[in-house]
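Per chain, numbering begins at 1; letters A, B, ... match sequence-line order. On a predicted model such as this, the values are computed, not experimentally measured, just so you know.
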Amino acid sequence: MTAPTKPPHTHTDADPDGPAGQPLHSSVIGWFDENARDLPWRRPEAGPWGVMVSEFMLQQTPVNRVLPVYEQWLSRWPRPADLAKEAPGEAVRAWGRLGYPRRALRLHGAAVAIAERHGGDVPTDHAQLLALPGIGEYTAAAVASFAYGQRHPVLDTNVRRVFARAVTGVQYPPNATTAAERKLARALLPDDERTASRWAAASMELGALVCTAKNESCQRCPIAAQCAWRLAGKPEHDGPPRRGQTYAGTDRQVRGKLLAVLRDARTPVPQVALDRVWHEPVQRARALDGLVSDGLVEPLPGGMYRLPMS
DNA sequence: CATGCGTGGGG
DNA sequence: TCCCCAAGCAT
């Protein structure tokens, strides 16, 4: 017989379409239609500001912990200008125990910028969003897509994991987002604006609920039949270990304890009260200095401290 | 581009 | 218990 007219496939030219030629996004969006969680920032009444607040809070913090704080924030500050009027320390206090409190400061700063430069409305333009404090590549795309229905590749950790498995055939994405991932995200992005924004939310939700980092449930996955990783026998990650997080005893923990005291105090706190949160004086002083230089703590004359009121 | 930055729940 | 992590950003 003669040589085959069609070259054999290799894993490098993964076909984004399913066996029936159905695009990946159709299966995932169909699944999303039936399985999307009813989250408050997905309701129409949330508006762009609600979407933006939720995105800040969801940066590295699980949905369940965000939910109550999100409700309090939107109730207290229903528009950007409402938050912009407050002292930054009020944002830090209302942030509660969500973690990474610099996000509260940046969200406050973003609200001030929106009030001053954008007439009080969350900007629709991707570049203007990106220019706001605390908004990076992911959050700018997410707000533009979820709040305004625009067509942008939305590459968060969930989507990156779904792509790594379904298309590239590996268990985990790289530590940092690569050019190859951006290229893939653009290639898979549906042409239609409405479909593209739906795809962004759906692919994120699939990673959050089904294609999870551990204990993924392929039996519930709408694209399991086309998943390169599953078809390859779900090989475990090899190579250098993925970057973890530094653990207890770090300055982070001390900063958290210091800030907790200041959050709970309505009046300035004396140095001695802060000294009780950590036994080691050098690390304690370094942590406090860090908080001050970050703008999370305001030093007052006489060794007193408080959350920033200006 | 590797690091630092919180917190609390679940395996 | 201990360890992993959960919708990133700024430097």
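Checked by atom type and distance alone, the side chain of A:Thr178 pairs as donor or acceptor with a backbone atom of A:Glu181 at under 3.5 Å.
The hydrophobic clustering, which links ILVMFWY residues whose side-chain heavy atoms are closer than 4.5 Å, places A:Val277 and A:Val292 together.
The distance from atom NE2 of A:His237 to atom C1' of C:dC5 is 15 Å, rounded to the nearest whole Å. Taking atom CG on A:Leu132 and atom P on C:dA10, their separation rounds to 10 Å, with Å as the unit. The distance between atom CG of A:Asp294 and atom C1' of C:dT11, rounded to the nearest whole Å, is 11 Å. Atom P of nucleotide C:dA6 and atom OH of A:Tyr138 are separated by 14 Å, given to the nearest angstrom. With rounding to whole Å, A:Asn175 atom CG is found 14 Å from C:dC4 atom P. In this structure, the CZ atom of A:Arg97 is 17 Å from the P atom of B:dC5, given to the nearest Å. Taking atom CG of A:Leu107 as the reference point, atom P of B:dG6 lies 16 Å away to the nearest angstrom. As a whole-Å value, the separation of A:Leu209 CG from C:dA6 P is 12 Å.
Under the 6.0 Å distance and 45° angle rule, A:Arg198 does not count as a cation-pi partner of A:Phe32.
Nucleotides B:dT7 and C:dT11, compared at atom C1', are 23 Å apart to the nearest Å. Nucleotides B:dA2 and C:dA7 have their C1' atoms positioned 22 Å apart, rounded to a whole Å. To the nearest whole angstrom, the two P atoms, one in B:dG8 and one in C:dA10, are 24 Å apart.
With a 6.0 Å radius and a threshold of 12 heavy atoms from other residues, nucleotides or ligands, A:Arg194 has its CZ atom at or below the threshold. Annotation: A:Arg37, atom CZ; neighbour count of heavy atoms from other residues, nucleotides and ligands within 6.0 Å is above 12. The neighbour count for A:Asp33 CG, taken as heavy atoms of other residues, nucleotides or ligands under 6.0 Å away, is above 12.
Note on A:Arg286: nothing from the nucleic acid sits closer than 4.0 angstrom, heavy atoms only. Using a 4.0 Å heavy-atom criterion, one finds that A:Leu39 contacts the bases of the nucleic acid, with or without backbone contacts as well. Within 4.0 Å (heavy atoms only), A:Trp41 reaches at least one base atom of the nucleic acid. At a threshold of 4.0 angstrom between heavy atoms, the contacts of A:Ile135 are confined to the sugar-phosphate backbone, with no base atom among them. Using a 4.0 Å heavy-atom criterion, one finds that A:Arg160 contacts no nucleic acid atom at all.
Residue order along DNA chain B, read from the 5' end via each residue's closest nucleotide, puts A:Gly99 first among A:Asn215 and A:Gly99. Comparing A:Arg37 and A:Gly134 against DNA chain C, the residue whose closest nucleotide sits nearer the 5' end is A:Arg37. A residue-by-residue look at A:Leu98 and A:Lys214 shows that A:Leu98 has its nearest nucleotide of DNA chain B further toward the 5' end.
For residues 124-146 of chain A, the set of pairs meeting the ring pair (Phe, Tyr, Trp, His ring centres under 6.0 Å) definition, not counting sequence neighbours, comprises A:His126-A:His152.
With sequence neighbours excluded, no residue forms a side chain to side chain donor-acceptor pair (under 3.5 Å) with A:Arg117. With sequence neighbours left out, the side-chain contact (heavy atoms from CB on, under 4.5 Å) criterion links A:Ala81 to no other residue.
Listed pair A:Arg242 / C:dC5 meets the phosphate criterion, a side-chain N or O lying under 4.0 Å from OP1 or OP2. Taking only side-chain nitrogens and oxygens, A:Arg255 comes nearer than 4.0 Å to OP1 or OP2 of B:dG6.
Hydrophobic cluster membership for A:Met304: A:Leu300 (Ile, Leu, Val, Met, Phe, Trp, Tyr linked by side-chain heavy atoms under 4.5 Å, directly or transitively).
Atom CG in A:Asp156 sits 9.5 Å away from atom OG1 in A:Thr177 (nearest 0.5 Å).
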Protein and nucleotides 1-3 of chain C: nitrogen or oxygen contacts under 3.5 angstrom:
none

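Scanning residues 46-74 of chain A for heavy-atom distances under 4.0 Å to DNA chain B yields A:Gln60, A:Thr61, A:Arg65.
Out of C:dA6, B:dG11, C:dA7, the shortest distance to the side chain of A:Ala213 is found at C:dA6.
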